[in-house]
Amino acid sequence: MTEQADFLAYGRQDIDENDIAAAVRALQSDYLTTGPEIPAFEVEFAEFTGAAYATACSNGTTALHLALDALGVGEGDLCIVPSITFMATANAARYCGAEVVFADVDPETGLLTPDTLADALKRAGGKAKAVLPVHLAGVPCDMEAIAALARHHGLAIVEDSCHAIASRGASGAMVGACAHSDAATFSFHPVKSLTTGEGGMVTTNSPDLAARMARQRSHGIERDAARFERAEGADEPWYHEMASLGWNYRLPDINAALGRAQLARMAQFAAKRRALTAAYRELLRPLAPLVRLPADPPGSDPCRHLLNVRIDFHAAGRTRAEVMNALKARGIGTQVHYIPVHTQPYYVQRYGAQHLPGAEAHYAQTLSLPLFTRMETGDVARVCAALGEVLG
């Protein structure tokens with residue numbers, strides 16, 4: 001069954017003629033992968049975020065895996081992950097052989113806080129290796145406070161910034177500048193603020209981490225002739241060495257070309273998302289206290305990927321499923337971000353049942369409303385009116 005023409009999905013890509021032309025240019029070039037679009041995209045993305053280095057890869061999950069691997073996370077290590085996130089954040093630690101300690105979150109924002117990190121550190125028993133704060137919906141965590149606590153305990157810090165391209169934290173730094181972290185990871189899935197179809201990026205200010213990630217994304221192969229001066233066959237142009245066991249996490253040039261075209265419009269995308277968020281904030285006021293859009297952290301300037309509101313379904317006398325289905329019947333799509341990862345069967349089997357009240361309270365009331373750049377203020381008004389009608 002096809003969706004009605006005026007259906008508002010919770011998220012949607014924004015592709016224009018320049019994006020199409022960029023992809024066609026790559027298709028007509030000599031390189032469909034491992035070509036010049038990759039380093040160009042990396043340089044431009046690093047410049048956009050303010051980081052020294054950027055490493056492109058196949059998706060946001062591989063970005064997380066590459067970052068943790070480069071930081072030496074492995075067997076016997078513990079990684080602290082907030083339970084409100086997409087499961088890939090935790091899974092990346094497991095891919096490295098590490099175990100996961102799930103942190104609770106602020107029930108209103110769904111974000112890791114210094115207090116919930118401190119609680120997770122206690123449960124980790126001094127064995128934590130890394131923490132992965134998640135900028136849920138594009139709203140930045142308090143990275144300065146989180147980093148101060150994490151560094152005191154000797155933790156590496158990887159920001160899961162997959163929702164947060166173009167967001168700024170309380171310090172004014174762009175998310176991805178790694179002002180308070182070792183690395184930051186991004187996803188370019190079609191519903192994200194910037195898309196490459198599928199794709200990811202890791203930013204860092206460490207040349208060593210950047211070099212390791214660039215090697216690991218391509219089978220651990222080293223092709224730098226200067227390093228083979230004493231190797232047999234070093235003067236042979238095809239010579240290479242597999243320095244470590246890596247993976248095929250490469251991003252094709254076609255995707256990178258699309259990403260570069262999208263990045264050129266990122267300021268426009270961010271302005272539109274901020275304007276739509278402001279419209280939602282105003283038009284949802286009459287629905288309070290049943291519906292709330294939590295305030296942004298002081299001093300921050302989010303570029304929202306998701307418009308995740310809090311709805312008191314119990315007080316409204318409607319289940320979340322009833323509300324979602326009623327909105328869908330009115331041509332409005334919604335989604336839930338996220339089921340707490342500590343309740344997923346794999347992790348329950350591995351670590352047993354856990355109770356994280358903040359995460360569970362956040363999940364009980366969260367609903368993501370439509371937010372994408374082709375929307376207009378009238379669409380926001382339509383969503384808010386329909387939600388008011390459904391909630392009664």
Side-chain angles (χ1 to χ4, degrees), residues 60 64 78-94 99-124 128 130-150 153 155 157-164 167 169-170 175 180-181 184-185 187 291-300 302 304-313 320 335-344 346-348 351-369:
L64 288 160
L78 299 180
C79 291
I80 296 175
V81 176
S83 187
I84 297 295
T85 184
F86 185 57
M87 58 197 73
T89 317
N91 293 352
R94 293 292 304 123
E99 301 295 340
V100 178
V101 175
F102 287 106
D104 208 352
V105 298
D106 181 293
E108 284 294 293
T109 64
L111 298 177
L112 180 74
T113 70
D115 287 342
T116 61
L117 173 57
D119 173 72
L121 282 165
K122 289 179 183 177
R123 288 185 281 116
V131 60
L132 291 87
V134 176
H135 302 308
L136 183 70
V139 180
C141 298
D142 183 351
M143 284 305 303
E144 187 171 3
I146 287 171
L149 181 58
H153 289 270
L155 272 63
I157 304 170
V158 175
E159 297 174 74
D160 185 334
S161 312
C162 289
H163 292 183
S167 291
V175 170
H180 303 289
S181 66
T185 64
S187 167
V291 183
R292 310 182 308 282
L293 179 57
D296 297 332
S300 69
R304 278 183 166 270
H305 153 57
L306 298 172
L307 203 291
N308 53 340
V309 297
R310 312 285 297 137
I311 301 178
D312 190 338
F313 297 104
R320 179 162 46 197
Q335 188 53 275
V336 177
H337 298 93
Y338 291 100
I339 299 171
V341 186
H342 75 274
T343 68
Q344 293 291 345
Y346 171 85
Y347 287 109
V348 172
Y351 304 127
Q354 302 178 60
H355 176 50
L356 297 177
E360 291 154 21
H362 182 82
Y363 169 62
Q365 293 193 342
T366 194
L367 188 68
S368 296
L369 303 178

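Note that the coordinates shown come from a computational prediction; the quantities given were computed from them, not determined experimentally. Note that the numbering runs from 1 along the sequence shown for the chain.
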List the steps and the verdict of side-chain contact (heavy atoms from CB on, under 4.5 Å) for Arg292 and Gln365.
-> CA-CA 10 Å; Arg292 310 182 308 282; Gln365 293 193 342; 3.5 Å; yes

So does [Y] get a backbone contact from the side chain of [X], meaning a donor-acceptor N/O pair under 3.5 Å?
X	Y	result
Arg304	Val139	no
Thr113	Thr116	yes
Thr343	Pro340	yes
Ser368	Leu307	no
Arg123	Phe102	yes

Consider only side-chain N and O atoms of Asn308 and Tyr338, and report whether a donor and an acceptor are under 3.5 Å apart.
-> no

Just checking, any donor-acceptor pair under 3.5 angstrom between side chains of Tyr351 and Glu99?
-> yes

Stepwise, does the side-chain contact (heavy atoms from CB on, under 4.5 Å) test hold for Met87 with Tyr346?
-> CA-CA 11 Å; Met87 58 197 73; Tyr346 171 85; over 6 Å; no

Within 45° cone of Tyr363 ring axis and under 6.0 Å: Arg320 NZ or CZ = yes

His163 vs His337 aromatic rings, parallel, tilted or perpendicular, using cut-offs 30° and 60°?
-> perpendicular

Quick one: are [X] and [Y] in side-chain contact, heavy atoms under 4.5 Å?
X	Y	answer
Val341	Val81	no
Val105	Leu136	no
Val134	Cys141	no
Thr366	Ile84	no
His342	Glu360	yes
His153	Val131	no
Asn91	Tyr347	yes
His135	Asp160	no

Please assess Leu132 against Thr85 for the test side-chain contact (heavy atoms from CB on, under 4.5 Å), listing each intermediate value before the final yes or no.
-> CA-CA 10 Å; Leu132 291 87; Thr85 184; over 6 Å; no

Exceeds 12 heavy-atom contacts within 6.0 angstrom, atom CD of Glu144 | no

